[in-house]
Amino acid sequence: MRAGERLPITPGMELYHVAAQLLPLPTFAFDASGDLVVVNAAAEVLLVTLPDGSGRRPMTFDGMDLWELLSGTLERGAQQANLHTRMRLSNGRSAELDFWVLASWECADTLVGALVFAGEFPDELEGQHKHQPLHESTDSLEYYLDLVTASLECDAAYIAEVDSDRAAHARVLMCACDGEDQQGVEWNLNGTPASAVSSKRVVCYPFGLQDRFPEDAWVHSEGFVAYAGTPIVDPSGRRIGILGCLWRDTLESPETVRAVLGLVGARLAPGLWQRRSKRELMESEERYSALFQHTHLPMIVIDPESSQIVEANDAACVFYGYSCEELTTMSIFQIDTLAPEHVQQELSRALAGTRDYFQFKHKVANGAIREVELYAGPITMNSRDMIYAIVHDVSDRRRAEEELEHYRQNLERLVQQRTGDLARANAELEQATQARDVFFANMSHELRTPLYTIIGLTDMLLGGLVGGLDDEQGKQVAMVNEAGKTLLELISDVLDISAIQAGQSRFDAEPFDVVEVAEATLFSMRAPAEAKGLEVHFNAVERPIVITSDRFKLQQILMNLISNAVKYTDSGSVQVRVSALSEGRVSVSVIDSGVGIPETELPYVFHEFRQMNRGDSGTHAGTGLGLALSRRLADVLGAELIVTSSPSSGTTFSVILPEEITGPEE
């Protein structure tokens, strides 16, 4: 072996070669001719140049070849032996070394091969040899990749890291294809040979790769035929990476390939796991830093030994009113109002993890005292035990709680006071109800009785029963008679509305024919309608239509609606229509051909004492309570009273009655 020359890998020795390269101790392998077939990197220091310059061999201090020494000193047929000798070193020095030898014999007397492991170098020579310890870096990845490529003579090889969050994605850490390096490539494992590499076994496809994975563009573009890959796993057995090799020719010895990849993959695992752990730790620290600095909650870190605040985020600086430089030179004793020994006791509990919630009063820069809640616990920073604390200002909440407690303490007194007020109000209401009942009785008797007398006497005078009247007297008596009737109508409407509002209205439910009631009511109003030259029509699709309700109240409603229709219609007709609707309801409509109601007045037609201004027809005399009373009576019957109208097109009032109602709705 010449200086600087790379030892060719003997066919069938691939596994031995790789195993030797992974060992930290110098390792040799000799064949039957005594030629070196395996030399690892650590053994380079034991190779010295031969006197004739023909190559390099392991030589003893007295100039004997190591193979010759083994052939002459090993016991015949012994498969294992220990040897101690002084060896020359490539740097010109020498060292006493122990060797462990695995020997192979033919016919028990001819040495045909040996695997030799050297012991440790003496302390004074440590670090003098060329072998450098393998370390987990990009250079070591390249070393392993070169080792696999050279040993297995593959056309491409890669070391990839599997995404910790997405098991089907990976990133190339190092890749060699036809001597060209590639790295930093991310790809989806699905549809590629790497997808079959699980966390449990080495995968090998000796041939037919393109047929197995038709979607892998790289396999097809490079013409790869064979593939082998091994998982790289962490201590828990979770797959964290893949070591893969590809060939353009069919594999002749797949078992050797499996063994080599499994060996190298196992050697790669600690470094790759450490690499990932460092990165995840760095990312975790970055997330912690971002969370600590950018959260809106005040956070501080306290040294439990010195009580000093060693870290504070921006929110803490704003809350306490100090700059970060000022706050991180202060002691927690300077802002907590408790006695230092008490604070130190609480810090000890937080450090031990026996308590994580605290209530304190902290003094801020302007001297104000703030009520705070602290959520605290132990944290390790730079190999030291610290305490983190999240500060929550609860001053406003505490004030609210104190006010609530004040109200709670006075609640019983307030309840007693309110109960007395309510009792007095109930007594006053009962008195008012009694007074109202007396008022209704008096109004009915004291007002209606004199009016009946006035109307009766004037009727007698106008009828000539007490003697004749001249024209002027007749005119004056007629005015008194009309005023009495108008006043009686007003008083009756007011009393009816008041009785309904007070719940004093009598309700008499009975079955009756709606068609009969509507027709009779219209007939009673026929005379004033015909006196104005109006046509009167009644229309019922079917009869009878029987409902259970208050006959008298329905008559009151229809009387008011027909009276209004006659009053505001100067020509044309007044019509009453009865029809059955769905769900047992009945519609009774009063339709006139009068002047109609302006759109702006429609929302107010059912208001009390509201008289509609109907265009040229003017405002007619009346109480202004008829429609209001009709609406309230309809409510008592559980009915709807609706109106549709437009100027010059007439007006339609419709009462929609339920099939049955046994009492007024609440």
Side-chain angles (χ1 to χ4, degrees), residues 448 451-465 469 471 474-493 496 512-540 543-544 550-578 587-597 605 611-612 614 616-630 633-634 641 643 645 650-655:
R448 283 177 174 171
L451 286 174
Y452 287 140
T453 302
I454 292 171
I455 294 170
L457 289 175
T458 53
D459 283 339
M460 292 174 61
L461 290 172
L462 292 174
L465 298 177
L469 299 175
D471 292 342
K475 181 179 178 180
Q476 296 297 329
V477 171
M479 291 175 61
V480 172
N481 182 269
E482 184 65 26
K485 291 179 179 179
T486 301
L487 183 58
L488 180 61
E489 180 184 355
L490 174 61
I491 291 173
S492 297
D493 288 346
D496 287 343
F512 62 89
D513 182 3
V514 178
V515 177
E516 178 186 343
V517 171
E519 189 173 20
T521 306
L522 177 62
F523 179 79
S524 68
M525 297 295 294
R526 181 182 296 273
E530 291 179 346
K532 294 184 66 174
L534 303 177
E535 296 180 7
V536 178
H537 302 286
F538 183 79
N539 188 344
R543 65 171 67 206
D550 191 314
R551 178 199 301 263
F552 176 72
K553 287 182 172 54
L554 177 59
Q555 286 178 329
Q556 280 186 279
I557 295 172
L558 295 179
M559 188 74 74
N560 286 333
L561 297 180
I562 296 172
S563 175
N564 268 6
V566 172
K567 184 187 302 183
Y568 290 105
T569 303
D570 295 329
S571 62
S573 65
V574 173
Q575 180 183 172
V576 175
R577 180 186 300 158
V578 182
S587 172
V588 182
S589 300
V590 178
I591 308 165
D592 66 55
S593 59
V595 295
I597 303 173
V605 294
Q611 292 184 333
M612 300 296 103
R614 302 211 183 178
D616 296 338
S617 180
T619 302
H620 291 257
T623 64
L625 290 175
L627 292 178
L629 177 59
S630 297
L633 289 171
L641 180 57
V643 58
S645 181
T651 303
T652 299
F653 284 91
S654 297
V655 184

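Note that the structure is a prediction, hence the values are computed from the model and not measured.
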[X] versus [Y]: any side-chain heavy-atom pair under 4.5 Å?
X      : Y      : value
Ile591 : Thr651 : no
Thr521 : Phe523 : no
Leu561 : Val655 : yes
Asn564 : Phe653 : no
Val515 : Phe538 : yes

**Asked** Within the distance-only criterion (no hydrogens, no angle test), does the side chain of Ser645 pair as donor or acceptor with the backbone N or O of Ile597 below 3.5 angstrom?
**Response**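 Pair found, side chain donor or acceptor close to backbone of Ile597.
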**Prompt:** Within the distance-only criterion (no hydrogens, no angle test), does the side chain of Ser593 pair as donor or acceptor with the backbone N or O of Ser573 below 3.5 angstrom?
**Reply:**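 Side chain of Ser593 to backbone of Ser573, a donor-acceptor pair under 3.5 Å: yes, one is there.
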Work out which heavy atom in [X] is nearest to a heavy atom in [Y]; give both atom names and the distance.
X      : Y      : answer
Ala518 : Leu558 : CA-CD1, 3.8 Å
Glu519 : Arg543 : OE1-NH1, 3.3 Å
Leu534 : Thr569 : CD1-O, 3.6 Å
Val517 : Gln555 : CG1-CG, 3.5 Å
Ser589 : Thr652 : CB-CG2, 4.2 Å
Ala565 : Val590 : CB-CG1, 4.0 Å

To the nearest 0.5 angstrom, please state how far the [atom1] atom of [X] sits from the [atom2] atom of [Y].
X      : Y      : atom1 : atom2 : value
Ser571 : Glu535 : OG    : CD    : 10.5 Å
Leu469 : Lys475 : CG    : NZ    : 14.5 Å
Ile562 : Lys567 : CD1   : NZ    : 13.5 Å
Leu627 : Leu641 : CG    : CG    : 7.5 Å

**Message:** Can you list everything that forms a salt bridge (charged side-chain N to carboxylate O under 4.0 Å, His left out) with Asp513? Sequence neighbours excluded, please.
**Reply:**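 With neighbours one apart ignored, the set is empty.
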**Message:** If the condition is salt bridge (charged side-chain N to carboxylate O under 4.0 Å, His left out), which residues does Glu516 pass it with, not counting sequence neighbours?
**Reply:**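 Glu516 satisfies salt bridge (charged side-chain N to carboxylate O under 4.0 Å, His left out) with no other residue.
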